[in-house]
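One structure is given here, and the rest of the page talks about it.
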Amino acid sequence: MARTPSSFTQLLRRPSSKILQNPKQPIRNIAHDNNEDKPLHSTDIVNQICATIRSKPRWENTLLSDFPNLSFLDSTLLNQVFTHQKNVLFSIRLLHWLRSQFGYSPDQSTCCLIFNSLVEHKAANAAKGFLELTKFVPDQAGIESYVRCLCESGMVEDALQVFDEMSKRGVCPLLETWNCVLQGCVKDGCTDVVWRLYGEMMELGVDVDVHTVGCLIQAFCLEKNVSKGYELFRQMLDDGFVPNKVCFDKLVFEFILDRKYSRVSALLHIMIAKGVNPDIYTYQQVIHALCLRRMQREGLRIFNDLKDRGYAPDRIMYTTMIHGLCKIKWLGEARKLWFEMIQKGIKPNIYTYNTLLYGYFKIGDVENALNLYKEMQDKGYSETLVAYNTMISGLCSHGRTTLAYQLFNQMSRNNVSKDVVTYNSMIRGFCNDGKLTEGLNLLRELVDHGLQPSSASYGPLIEKLYEMKRIDEVKTLWNEMQEKGVEPASVCINDDVVIGLSNEGYVTAGIYWLAYTVKNRFIPRQETFENLIGVLSQKDMLDVGQIALGHMFKIGYIPSFRLDAVSLT
DNA sequence: TTAGGGTTAG
């Protein structure tokens, strides 16, 4: 059985022609869906009204004069117009126009017609707005379609609200609807809701199916409880069911993250045996997971192997591989793939550009990064949150704080909202430049904007203030951090500063750090532990010292000092 | 022809 990542492609056969194509289908544009179905009770007038609405951009200004003798409140006529008018967004516009012109409010049958059409066309937002506007109450089937429509459009919170109301009224939804909501929750990463809903299903005695269990497997994967997910997966197979392909892919991904390569091989074998062939989605996940585990070399081998076997990597596959290579600073290989994809006719998109931009900064090639950013500006890719964040962080890492701050200020002018990453990057930049006041101001601004600060918001400021011996200010910041429940992640908060603060009498810092370390079972340096225990011992905080010592033993560190010397026994 | 996959700090 294959057990190493690079042998994962051994089972591959040449892909069928459909796999060679980009599997993404173009999204149907409802704004151009002009199927000329015959109206139910066809009249020329209906056709003319619809044609006018479709062809005149500002028909609202002329519709009355275009049809001077028409009674726009004739409900038979309106129903025909709404039926014939296939473009749901135009229907909504017409509805608003009729309201403002004549105070029109649609009757039950018209509401039903428009609402069903909106839901059918997956216009979730418009459907929501329509319900709010008209106070229309759809029938049971309508509500269920609406819930599914909301889920499929990613509006899971709205869907849950309607869904929960439905259960409160004692109505048991269709299995299809349950599954759709479960899937939506999985997509949103809300596993707690998945378990709650599944519990309700059990209580109501709903017969679940492959899709339901598929969602549970995915939920286990999301919670990093892959062994539980796999158990359920095996159980399904034993019962004679074949789980969704997504489950296979997610399990493969998680097993690679867990470095359980024999499990991955087993899964790939099962897939083929069950007629669920691994495809570029599967291998994209394989490469992504390998790169996350710093196994880019293996990932690249698989990537090339796939090409040799006739698979055509798509844009996402290229982006994933390029990103992996950028992360380990293999910019030469990354650029090779960048040009290769262009040569194959795949244009880099906003993700690919951001990735390469990150790569240039990673190796400190600011010049090429700036050139690429110019290209992004030309393509209209530059004014997004991630592009700005990549630029600001990259520029700050290489001493170009002033330019970074210019971009930072440009964001508000261009109506791009900043997030905690934007602020943290800029704070770090200012601190590196010794511009503490500016950094502190940004921390205030971050909080004022209602964003939740993280340890990376405080870390650089605390470190710099400590370096400058402004201990009182450090204490204030530390307290604020603790009050906001921000954990002192070791990548952001320097251990030596924590111990130093404890040593200077501010033991709170050490205790908070210790609680975080023990809770998350982190493995800090032995030296940090010993220093902390030393401080605690001097301060007669033996109980806390015991906790530190206990955790230290658990990790496997053997204290280099004599225990009786710190009077902890 | 179900959809599912990719980008930013420390």
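To find a chain, count down the sequence lines: A is the first, B the second, and so on, and within it residues start at 1. Worth saying up front: this structure is predicted, and the values here are computed from it rather than measured.
- Nearest nucleotide to the Asn354(A) side chain, out of dG4(B), dG5(B), dT7(B): dT7(B).
- Arg444(A) and Asp448(A) are not joined by a salt bridge, as no carboxylate oxygen comes within less than 4.0 angstrom of a charged side-chain nitrogen.
- Whole-Å rounding puts the Leu443(A) CG to dA9(B) P distance at 20 Å.
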Let me check something: any side-chain donor-acceptor pairs from residues 319-327 of chain A under 3.5 Å, sequence neighbours excluded? List them with distances.
unit_1    : atom_1 : unit_2    : atom_2 : d
Thr319(A) : OG1    : Arg315(A) : O      : 2.7
Thr319(A) : OG1    : Thr352(A) : OG1    : 3.2
Thr320(A) : OG1    : Gln284(A) : NE2    : 2.9
Thr320(A) : OG1    : Ile316(A) : O      : 2.7

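- Under the 30°/60° scheme for interplanar angles, the aromatic rings of Phe430(A) and Tyr405(A) are found to stand perpendicular.
- The nucleotide whose nearest atom lies closest to any side-chain atom of Asn349(A) is, among dG6(B), dA3(B), dT7(B), dG6(B).
- The pair Lys464(A)-Glu467(A) meets the salt-bridge criterion, since a charged nitrogen lies less than 4.0 angstrom from a carboxylate oxygen.
- Under 3.5 Å, the side chain of Asp314(A) and the base of dG5(B) form at least one donor-acceptor pair of N or O atoms.
- Spacing between atom CG of Asn277(A) and atom C1' of dG4(B) amounts to 16 Å, rounded to whole angstrom units.
- Under 4.0 Å is where a charged nitrogen must lie from a carboxylate oxygen, and between Lys519(A) and Glu487(A) at least one such pair does.
- With values rounded to the nearest 0.5 angstrom, Leu160(A) atom CG is found 4.5 Å from Cys185(A) atom SG.
- Look at His323(A) and you'll find a side-chain N or O under 4.0 angstrom from OP1 or OP2 of dT7(B).
- Side-chain N/O atoms of Lys187(A) include one lying less than 4.0 angstrom from OP1 or OP2 on dG4(B).
- Between Leu182(A) atom CG and dA3(B) atom P the separation is 19 Å, expressed in whole Å.
- Contacts of Thr352(A) with the nucleic acid, taken as non-hydrogen atoms under 4.0 Å apart, include base atoms.
- Every residue two or more places apart in sequence or in another chain was checked for a salt bridge (Lys or Arg N to Asp or Glu O under 4.0 Å) with Lys250(A), and none qualifies.
- Among the atoms of the strands shown, only primed sugar atoms or phosphate atoms (P, OP1, OP2) are found under 4.0 Å from some heavy atom of Thr390(A).
- Atom pair Tyr373(A):OH and dT8(B):P shows a separation of 16 Å (rounding to whole Å applied).
- Using a 4.0 Å heavy-atom criterion, one finds that Ser454(A) contacts the bases of the nucleic acid, with or without backbone contacts as well.
- The stretch residues 206-225 of chain A does not touch DNA chain B, since none of its heavy atoms comes less than 4.0 Å from the strand.
- Ring centroid separation for the pair Trp178(A) and Phe163(A) comes in under the 6.0 Å cut-off.
- A salt bridge does not link Arg293(A) to Glu298(A): none of the charged nitrogens lies less than 4.0 Å from a carboxylate oxygen.
- Ring pair Phe233(A)/Phe220(A): centre-to-centre distance not below 6.0 Å.
- In this structure, Tyr351(A) forms an aromatic stack with the base of dG6(B), since both conditions hold: centre separation below 5.5 Å and plane angle below 30°.
- Following rounding to the nearest Å, Tyr283(A) (OH) and dG6(B) (P) show an atom-to-atom distance of 18 Å.
- Centroid-to-centroid, the aromatic rings of Tyr318(A) and Phe303(A) come within less than 6.0 Å.
- At a cut-off of 3.5 angstrom, the base of dG6(B) holds at least one donor-acceptor pair with the side chain of Thr319(A).
- Looking at residues 417-427 of chain A, you'll see Val421(A), Asn424(A), Ser425(A) sit with a heavy atom under 4.0 Å from some atom of DNA chain B.
- Asp258(A) has no carboxylate O lying under 4.0 Å from a charged side-chain N of Arg263(A), or vice versa, which leaves the two without a salt bridge.
- Rounded to an integer number of Å, the gap from Met341(A) CE to dG6(B) P is 16 Å.
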Taking distance alone, no hydrogens or angles, what donor-acceptor pairs closer than 3.5 Å link side-chain atoms of residues 374-386 of chain A to residues at least two apart or in another chain?
unit_1    : atom_1 : unit_2    : atom_2 : d
Glu375(A) : OE2    : Tyr353(A) : OH     : 2.9
Thr384(A) : OG1    : Ala387(A) : N      : 3.2

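- For Leu385(A) and dA9(B), the CG to P distance is 12 Å, given to the nearest whole Å.
- The CZ-C1' distance, from Phe248(A) to dG5(B), rounds to 17 Å in whole Å.
- Considering only the side chain of Asp279(A), dG4(B) comes nearest among dG4(B), dG5(B), dG6(B).
- Residues from residues 287-301 of chain A that place a heavy atom under 4.0 Å from any atom of DNA chain B, listed by number: His288(A).
- Distance from the side chain of Tyr281(A) is smallest to dG4(B) among dG6(B), dT8(B), dG4(B).
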